Amino acid sequence: MSSDNGQRSGGAQGAVPEQLALIREAVRKNKAPKAKPRTWRGAALAKELPVARVLVDKGVLHLDRYFDYAVPEELDAAAQPGVRVRVRFGAGGRNVREGRREGGSLIDGFLVERVAESDYAGPLAALAQVVSPEPVLGPELLGLARAVADRYAGSLADVLQLAVPPRHGRAEARKTGDPPPPPAAPDPGSWRRYGRGADFLSALASGGAPRAVWTALPGPQWAEEIARAVQATLASGRGALVVLPAGRPVARVDSALRELFGEGQHAVLTADAGPERRYREWLAVRRGAVRAVVGTRAAMFAPVRDLGLVVVWDDGDASHSDDRAPFPHVREVLELRSTRDKCAFLLGSWSCTVEAAQLVESGWAAPLVADREQVRATAPLVRTVGDAELARDEAARAARLPSLAWQVAREGLRHGPVLVQVPRRGYVPRLACARCREPARCRWCAGPLQARDAGGGALCCGWCGREEGAWHCPECGGFRLRAQVVGARRTAEELGRAFPAVPVRTSGREQVLDTVSGAPALVVSTPGAEPVAEGGYAAALLLDGWAMLGRPDLRAGEDALRRWIGAAALVRDQGAGGTVVVVAEPTLRPVQALVRWDPVGHAVRELAERAELGFPPVSRMAAVSGTAEAVAEVLADAELPRDAEVLGPVPLPVTDAGRPRTVGAPPPGERWERALVRVPPGSGAALAAALKSAVAARMARGGSGVEAVRVRIDPPDIG
DNA sequence: AGCACGCCGACT
DNA sequence: GTCGGCGTGCTC
C-alpha cells in the first residue's frame, strides 16, 4: 500500500514551518517557487472547514465538477464561499510518493463551499490566492447557473462567464451606498387598458408572484407600463429585473423609470458600458444598493436581491439568444428564475411567439390582454396588396410599387412622417408551391425541402437529408415550386424620387435613428431599426412581404408578423388616420393576423401546427454537429431517452468567410455534419443530460487532439 | 491543453 | 542495467 493515501489529517510536523513560509512567499508574490510543497500535511491549514470546493474556470465539459483545495491558515478569513480564487491546476509536477506537489498552472476559479473533509483520496493542493474577498457568486446565482448549464447541456464555467462580469479592482474598491427607501405603489395608469392589468399590478405591490404573457397595445406606452410594474414590485420591498433586446428599448424603460421615481432605485446593465462601469453597476446590484435592473441579455443573470419580478420584452427578437456557449435564451432563463425564486414573471410584446403562446396554453402563465374594442381603437388600419392586385395594377408594373401604396404614402405625407419598411439584404428564399405558396416540406419528417445545389437539381430535406423525387403540394396539388426573391430597397429609393419635396431619412444596421420629428418625411428602415416618430407615423408601407415570408426558417411567419407589427405599432391609430399597407398575399396567415391585429391567435395556431408536426417548442430539439465520425460516435454513445428521434445527419455547408449566423458552423474548410435529435415534451432534460455526458466522455477519453463536437439545445434557424 | 507516468526498443 | 520514445489519462 502506498504510504500516502491522503486520509491522514494534517499531521506531519517536520516540514511545516518552511513549507508555510514557502506558501506565504508564493501567495505574496503570486508566483510559485520551483519546488514548492503544497500539500495537505505541509501547510498550516484553517482550523475550521479546511477544505474549499472550487469550480475551476474551464468550460470543458469533463471538468464540470468541483475540485477540493486545502485552505491555508492565512487565507482562512478571506476564503469565503462565493469569492474568486486562483489555484494550481493541471497534472504539473507530481510526486505522490513523497507527498509533494508542485507545478500546475495558476487558473481562476470560484470558491463554492467550505467543508470539513474532502472525499478526494489524494493530497490536496492549497489555494494559491484569494483574488478578492468580494463574494460574487452567491447561492442563488450558483443554483441558477447550474440549472441553465443543465438545461443547455453546457458547463457551469461557461454559464458563469456569461453571468459574472470580469473583475475590475477600482470598481470593487468603491463603496456602495444603502438602497433608497422603496417607492409607493404606483397608480395602474395605462395598465387599466388591459383586462386584468390593474389586478396584476396590485398583486405585485402586495408581494404576490403572478405570471403573465402580456400582449402590449401598439404605441409608446409599453415602456411606462413596464416601469409601473417595476415600481409596484419595489413597493412590495422586493427587487425587479427587466431584460430588453437592445440598447434603444433599454433607454426607453430607463427614462420611464426615471420619470416615475427618479434616480437611485435602478441600475442599467448593458454590454456597451465598458468594463469598469459594468462591474460597478453589477456590484451595486449584488450588494443590494440597487433593487431594480434594466438591461440587455447579459442582465438576465443579474444578482438582484430578493427578486420579486422578472420581465422580458419582445422575446421574439433574436438578440435574446446569447451568442456564446451554451447559448441560453433570456425567456428560458427568466422562466427558470421565476420558478426557482418563486417570483413574478412578465413576458411582454406587441406580438406573440409560439413559446409565449405555449406558456399560456400550458397554464404556466396567464394572458394579459386588452379587449378587441380597445385593440381596434389603438391600432392603425391595415390594407393589403396581393398578387392579383399587383397583376392588374399597371402603375405597379411601371413603378414597381402598387397604386395603393402610392396613394397611402401621398395622403400620409400630408399629415406627418411615413415609414417604409424594406428587407435587409441576405434573406435566403425558401421553396414554396408556385400556386398556393405552401412551403415545401419533407414527407417523412416535415423538414424544409431545399434544392441540393444552386442549379435547382435534386430536392432534399434540410433536416433528414432524404431526397424528394416527386414533390407535389399537399394543399393544392400543384407541382411547380418557386423561390421568392424581392428587391424592395430600390423600390424605396424610387419612392423617394417620386416625392422630391419630402426629406428621405434612412435607418438601418449601420446607422440606426432613434427618433424622427412629426414633420412630413419618408423614413426608410430595415426591420428592427425603425425610429419612433413624434406623435406617431401617419402611415407605413411594408414592402418586404415576400422576403420576410420566404425565409427557410420555422419562424418565418412569426418573424414576419413580429416585424410588421413592430413597424405598424409606431403608426397612429386609425381614428387619427393611421394606415398601413402591406405588400403580401392577404390569404396568408401572418398577413391576416396583421390585418386583424391578432398576434396571439396567430401564435396559437402556429403552436397547434407545431404540435402536430413535432416541431419545437412542442418538442425539444438538439443539434449535434462535427465531423461525420464524431457526430456518429456521440449519437451512438449517448444514452438518449427512449422516445428520442434522430434526424439526419446531413452535411453542413462548408464555411466560407461570408456566413456567420449558421448554427454550429464548421471551422473554415472542414466538412461537418449535423444531426437533429428531437424528443417530446418532458424529455428535454434527459436529452440534454445524455448528450452532455456523451460529449464529456468523448473528450475525457480522447484527450487532446480529438475533434470537437458541438451540441446546441434549441438550435435557432433550423430548416 | 499540458504534463507525468509507463511500457517498449537501443544503447553503454 | 538505463535512457528516452510517445501513447494514455488525469487534473483536487
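Each chain gets a letter, A, B and so on, in the order the sequences are listed, and its residues count up from 1. All values derive from a computational prediction rather than experimental measurement. Values below: every heavy atom of this structure, side chains too, minus hydrogens, waters and symmetry copies.
The existence of a salt bridge linking A:K692 and A:D64 is confirmed by a sub-4.0 Å separation between a basic side-chain nitrogen and an acidic carboxylate oxygen.
Protein atom CZ of A:F67 is 7 Å distant from nucleotide atom P of C:dT11, rounded to whole Å. Between A:I107 atom CD1 and B:dG2 atom C1' there is a gap of 12 Å when expressed in whole angstrom units. With rounding to whole Å, A:R65 atom CZ is found 10 Å from C:dC12 atom P. The CG-C1' distance, from A:D64 to C:dT11, rounds to 14 Å in whole Å. Between A:D68 atom CG and C:dT11 atom C1' the separation is 13 Å, expressed in whole Å. Taking atom CG of A:D108 as the reference point, atom P of C:dT11 lies 21 Å away to the nearest angstrom. Remark: P of C:dT11 and CG of A:L124 are 12 Å apart, rounded to the nearest angstrom. Distance A:L127 CG to C:dC12 C1': 10 Å, rounded to the nearest Å.
Side-chain atoms of A:V164 and A:R84, non-hydrogen and from C-beta on, do get closer than 4.5 Å to each other.
Using a 5.5 Å limit on the distance between ring centres and a 30° limit on the angle between planes, the aromatic ring of A:Y120 counts as stacked on the six-membered base ring of C:dC12.
In terms of the salt bridge (charged side-chain N to carboxylate O under 4.0 Å, His left out) criterion, A:R174 has no residue partners (sequence neighbours excluded). Residues satisfying the side chain to side chain contact (heavy atoms under 4.5 Å, CB included) test with A:L336, not counting sequence neighbours, are A:L144, A:A147, A:V148.
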